[in-house]
Each structure stands twice: as structure tokens, then as C-alpha cells.
There are 2 protein chains.
Amino acid sequence: MMNDKLMLMIPGPTPVPEAALLALAKHPIGHRTSEFSNILAEVTANLKWLHQTESDVLMLTASGTGAVEAGIINFLSPGDRVLVGCNGKFGDRWGEVAEAYGLQVEKITAEWGQPLDPAVFAQKLAADKDKQIKAVILTHSETSTGVLNDLEAIVGHVKEHGEALMILDAVTSLGAYNVPMDALGIDVIASGSQKGYMIPPGLGFVAVSAKAWEAYKTAKLPKYYLDLGKYRKSTAKNTTPFTPPVNLIVALHATLKMMREEGLESIFARHQRLTQATREAVKALNLPLFAADNCASPAITSVAPDRVDAEQIRSILKKKFDIALAGGQDHLKGKIFRIGHLGFVSDRDILSAIGALEVALRELGYEGFTPGAGVAAAARVFAS
Amino acid sequence: MMNDKLMLMIPGPTPVPEAALLALAKHPIGHRTSEFSNILAEVTANLKWLHQTESDVLMLTASGTGAVEAGIINFLSPGDRVLVGCNGKFGDRWGEVAEAYGLQVEKITAEWGQPLDPAVFAQKLAADKDKQIKAVILTHSETSTGVLNDLEAIVGHVKEHGEALMILDAVTSLGAYNVPMDALGIDVIASGSQKGYMIPPGLGFVAVSAKAWEAYKTAKLPKYYLDLGKYRKSTAKNTTPFTPPVNLIVALHATLKMMREEGLESIFARHQRLTQATREAVKALNLPLFAADNCASPAITSVAPDRVDAEQIRSILKKKFDIALAGGQDHLKGKIFRIGHLGFVSDRDILSAIGALEVALRELGYEGFTPGAGVAAAARVFAS
């Protein structure tokens, strides 16, 4: 097989556009210069646009986990009660983070592949008459399963409670699905660069509401590198508290411009279309989708094939077509495969992936589909 | 002036070789692939070589500050007594980190520009009969002043104490000066990618001795993203606990190979030669060096001009020659300028910088030197 024609369809790193790759290859400039401050100012303005917020959006040299951790520990104190939504690997992880810092964690769970039930949040929050629940920590798009939790409903219940902060892991929803921070009243949004931002991993983002900054003032968990107050102070002066990943930020500067040119509406519509085309194709191939239509992540579609081996499908797509799909994580290893369609992904890429999937199914002797049915189903979505 | 011919002579980011820039511009690959695991295995082996250790060297998506913080908080518990060497901005910062986590901090100080006195460490450690001092935190090369602290003497006193861990910020000494971790018995070494490693910022490194891992078992400071136990477990399997900055690691793979080809002895000798040439040139120009010869950092030379303005010199070098020098930090702002000679820097670069400095001195009407004397002094070092 030819080298160097890899097509990433994993949930991150996502494909990176040429403008960002070329920006990465530029000699770094000094980070304490007016030239870099100008870039930071534009990047910050565009991050606010992307988050649909007037509040602060801060950048950390960290992976998404570091960003979410910062989003939790800056606003809470030891012993604080928090609700954590757990229906996949990442929800579970935020529960572990909260426990590592001595928070009193109450998990609201659902089976992996099922969405969290907003009514359970409503009930727990309504029962908390003393307002002891200080935060609700939610994973919006659960990357491990391809489930999109019902943010709008859950944040509504948090607003009714009044005291608790809404802390959101939007790592694989931001830049793919409408997450209007101010309009919904989300207090903290954490995300990572190798997702909707269309650049390689290495940067984390935390957006912080005025209400969260109030909580910051009395929050007592120890922190220094992840202390968002330091980032806020520096960002206000178009600088950074610690040496930033200069090349990644210059690349981000390029991709945020691309995003503004495309426009939020178009970006969300594109992801919706990619998701729908992928799902219709999978259905037409008679392969079971792991998450239901009404909770489908706009970033990733999980497939749980029953008459053919998930890992063999991945292996053939990689070997024959240089398409990288993701496998299952933890207990889903070998049971599902995941098709990423997040970030710099076009309609054409879905046709490629579904076409390749059909080849793999033939090779594996799977007879449960009419050849061409997958691509035809995707084509119907794209043609409409 | 022409664009795009910037010469970075700040203490970081340092110049990046073409092999690393081109690696940065490659499409990222999936981080959960055997291809990436193979890269991680080679990178890890080369990091051990660079640290001259058989112990673990771990990579974090973080700036140098995140790496040093991880190097502190993983091995200590609230209330633990620590000695922190403070003779510049970075030593002061580690004191702040230790205090943020509720450690009992005793600072050993020296004026900025002076080295720390090893005898004070000896005295404090000898007086600690109950072995209450759990760690000594030292900045090896104090980037803010250009002072190299006497690691060999101080680590000797820590070894005599027997209980305390030696935690070293080697951010601007590693890859420039001999820091043989195992031979000296250093327990923790923290460093950052944009320095001797010759790649852009975004990666932090923490090397951990067996003795430090023993302390880790009972250490109680809260942590998750910076929990080095997670990195150790993953690194042993040639993977990472969280999404790594794939492109930076591929670039690091390239520069570590370059470093192995050059060899440790040659790398240290080159930095020694660059330092000596820079210092001899500055002396020949009758400009006061901020740090004495016997504590000169191999990464950065600070100059404290008395008859000419430091910021004007920087400004002329930038405008006329596109050479970026660093200014002073905090109370040294405007009082010193700093010439970086760390990482991908050749003898030729020093000749350029000194030549340009001579032009700036002329333009500013400084008459304290014989034209050509600076370059001649550097030339003597390079010719010998």
C-alpha cells in the first residue's frame, strides 16, 4: 500500500487542514512579543465566538483531561457535593477526578450506549433543599460510546436549582453541535484542540462564567499550574501565565479563521449531515448502531456489529484503505467500532468510509446487505 | 526589513531544526496505534539516555511549570517540610507551588544574579536530626538571571541527609550541561520541550528515581492529570494515559536522534563553548556580566549594561537584524538583557549576535569599546 495517505476517522486527533499543518511548521516566535500578543487577542476573540459567550475562554497547555480537571478543581472545595453523569469512559473519569480531590461524588449512571436520564438530575437537584450540591459535571458527547447527553434538559434543571454550577465536558461536542454557553447558562465548558478545533492535540480550553468566577473566590482545592485565575489575569493582557505551545496556537489561529468563514450554523449543519449520512448508511448495511438516533453524537458514530467482527473490520479498513477507525474502549473493546466525523471532515470522507466498509463486509463474508446499499443511503442524505 | 528571518536568542522557545519543523507539519497519526507506540518506545529510550538514567522518564502535555509541579506534588503530603532554593523568578515560583499545596516551605535565598550557597543547604540539612525535611527543590539554571546553581555540591548534602528527595528544575540545564541523574543521585528532574530538546513548547518531562517512587506510595497531595503513577503505568506499555501532543512527539523523535548523533559530550562542550565565547565577547565590549564566571548558565548569558539602555539594545537587534534577545523579568526589567544560547545554536549564531550587538552599541553612541573587540574575543574562543 502507498504510504502517507492516512485518513483519520477516530474521535481525535481529527484531520488537520493544510493551513494548520503549514502553520505548525513555522519557526516559533517569542511568546512575550507584541506579534504573539496580537495572535492571542484574535484567538481569544474567536474562542469567545465559538463558545457563544462574553465570558472568559482560557487556553492551557494540557490535553482535554487537564482542561476538564481545571474546570472542576478551580470552583470547588474539599467535601463539596457534586453530581457526576456517568455513561461512558469519560463520565467515569470525571468521577475519578472529583474523588481524587476529596469531593463528595454522587454518580448518576446509565448503561454505556444509553443517554443519561435528565429526570434523575431533576429529582436529585429538587431534593437538595439545603443547596449542598455545588456542581453538576456532565459529559456532553460521550466519546467512548457515541452518545450525546441531553444538555439542554439537564442544564435547565441545574438552573432551577440555582446554586450548583454546570460544568460541561464538551470535548467532542464543541465545534460540532450548538453549545451556546451564555444562552444556556453553562458555567464551565472544557474542550481540547484535537477535536472540533481541527489542530493536533496539546491545547486545552476552559470557558468560565461570571458565576463560576464567584465560586472561584472561595474555592479551596490546591492548584497552581491549573489555577485558572492566573490564566484569566494573563489573558486579559493578551499573554499567558506560562510558556504556551506557540506553534499550536499559530495553527489554531488559522483554523479558527476557517471556522468563522464557514460559520457556526454551517458547521453544525455539516456535522448533522455527516452524522445522519453515516447512520443511514450503517442502517442500510444492517449493522446495529450502538446509540439510538435521538441521542446520536455529532462527532462519532458507534457500530456494534453482531454477525461480523468489529476488530476485523477496523483491520481491513486500515490495511486496504488506510482509514483509521476507533475501536471500543474498556469493556467495549472488540464489541464496537467507532467512525469519527468530527472537525475537518467533508461529505466525501463519509462516502469513502462507507464504501470501504462495504468492501470489508464483503471480504468478511457478511451477507446481510445489498452491495451498494450503504453508499446509496449516504448519497440520499447528501443529495437532499 | 525582510520578513521570516527571525533568529531566536531567548531562553525558550529556542531555534527548531528543519527536521523537527517538517515533522510538526505531518498529519497526526492515531495515538493508540502500534506505529505511535514504536515512536514512544524510541523516544523513551532516548530520554533515558539524555537523563543518563535507568529510571523512568515521563512525558506530560504541559509547560515546564506543569512538569516541575508534577515533580513536587507526586512525592509529598500536606505539611511536609521542604527547602526551596530561591535566587530568581523560577526558584520563587517553586516556592509558590509548594505553598499552594500546603507544604511547609523554607526558602534558601540569594540575590538575583548570585548563586545559592551550598553551605546553607548543608547546615539546614545537618540540623534536621529528625529527618523532617522531605525534599530539597532546586532550580539548576536560573533562566531569569543566567546563574547556574551548584547542583553537585547541593545534591551531595541532600545525599548525606538521606531522607530528603532532591527535586531538580533542569528546564534550562538539561541538554546543555551534564546532569547525570543516576550518578549524582537526583530523585526528580523536570524539564520542558522548548529548551535543550530543540522543539517548540508544549511537552514537559519528569524523570523519577526509585526512591521518589517509594515516596509516591505514601504521598497524599491530590492529583489526577499530573499523577505520575498514571504516566508510569502507561509508559511501561509504550502508551500515554491521556491524548499526547502527537506532532510534538514526532518532532521530538527527530531531535532526540540528532542529539544522539551529536553525543552528550559534544553537546555539553558546544554549550560550554557558546557560553564562553558570549561571555568573552561581552567582557571585551566592557559590558558588565550579570552572573559571575563561576556560576555561568550554559543556556543564557545575562548582561547588565550600565552606560547604555538594555531595552534599546534589544530593540535595535530586533529591528535591524531580526535577532530576538530576552529582557529582564520582574524587577530586572529594563536592567538586563539576556542572550540565549541553548539548544539548536551554533558557533556562527554567536558571531552574528555579537556582531549585531556591536552595531547596536555604536548606534547608541556607546564609546566604551574598540570596534570589533567583541567579535574578536568570540573568535578567539572558537579558533582555539
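Lettering of chains follows the sequences in order, A, B, ..., and the numbering in each one begins at 1.
Looking only at side-chain heavy atoms (C-beta outward), B:V84 and B:V82 come within less than 4.5 Å of each other. Using a 4.5 Å cut-off on side-chain heavy atoms (C-beta onward), A:P78 and A:L103 make no contact. Looking only at side-chain heavy atoms (C-beta outward), A:I300 and A:I339 stay at 4.5 Å or farther from each other. Between B:L228 and B:F75, the closest side-chain pair of non-hydrogen atoms falls below 4.5 Å. Taking the side chain as every heavy atom from C-beta outward, B:F337 and B:L332 never approach each other to under 4.5 Å. At least one side-chain heavy atom of B:V246 sits less than 4.5 Å from a side-chain heavy atom of B:F36. Taking the side chain as every heavy atom from C-beta outward, B:P11 and B:L342 never approach each other to under 4.5 Å.
Considering only heavy-atom pairs separated by less than 4.5 Å from chain B, the leading option among A:G102, A:G327, A:P200 is A:P200. Between chain A and the residues B:V16, B:L60, B:L221, the largest count of heavy-atom pairs under 4.5 Å involves B:V16. With respect to chain B, the highest number of heavy-atom pairs below 4.5 Å among A:G202, A:A324, A:P28 belongs to A:P28. When A:L226, A:L21, A:L203, A:L8 are compared by the number of non-hydrogen pairs under 4.5 Å with chain B, A:L21 comes out ahead. The candidate with the highest count of non-hydrogen atom pairs below 4.5 Å against chain A, out of B:P245, B:G64, B:P201, B:P244, is B:P201. Counting heavy-atom pairs closer than 4.5 Å to chain A, the top-ranked of the candidates B:A62, B:A100, B:P241 is B:A62. Among A:V97, A:I10, A:I73, A:V68, the residue with the largest count of heavy-atom pairs under 4.5 Å with chain B is A:V97.
A:A353 pairs by the side chain to side chain contact (heavy atoms under 4.5 Å, CB included) definition with A:M9, not counting sequence neighbours. Scored by the side chain to side chain contact (heavy atoms under 4.5 Å, CB included) test, B:A356 finds B:L317, B:F321, B:I323 as partners (sequence neighbours excluded). Remark: A:A251 pairs with A:A20, A:A23, A:L24, A:I199 by the side chain to side chain contact (heavy atoms under 4.5 Å, CB included) rule, at least two apart or across chains.
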Record all donor-acceptor atom pairs with a distance under 3.5 Å between chain B and chain A; write none if the list is empty.
unit_1 : atom_1 : unit_2 : atom_2 : d
B:S63  : N      : A:Y225 : OH     : 3.0
B:E69  : OE1    : A:Y225 : N      : 2.6
B:E96  : OE1    : A:Y224 : OH     : 2.7
B:Y224 : OH     : A:E96  : OE1    : 2.6
B:Y225 : N      : A:E69  : OE1    : 2.6
B:Y225 : OH     : A:S63  : N      : 3.0

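Contact of A:P15 with chain B is not made at all, since no heavy-atom distance falls under 4.5 Å. Proximity to chain A involves both the backbone and the side chain of B:I29, based on heavy atoms less than 4.5 angstrom apart.
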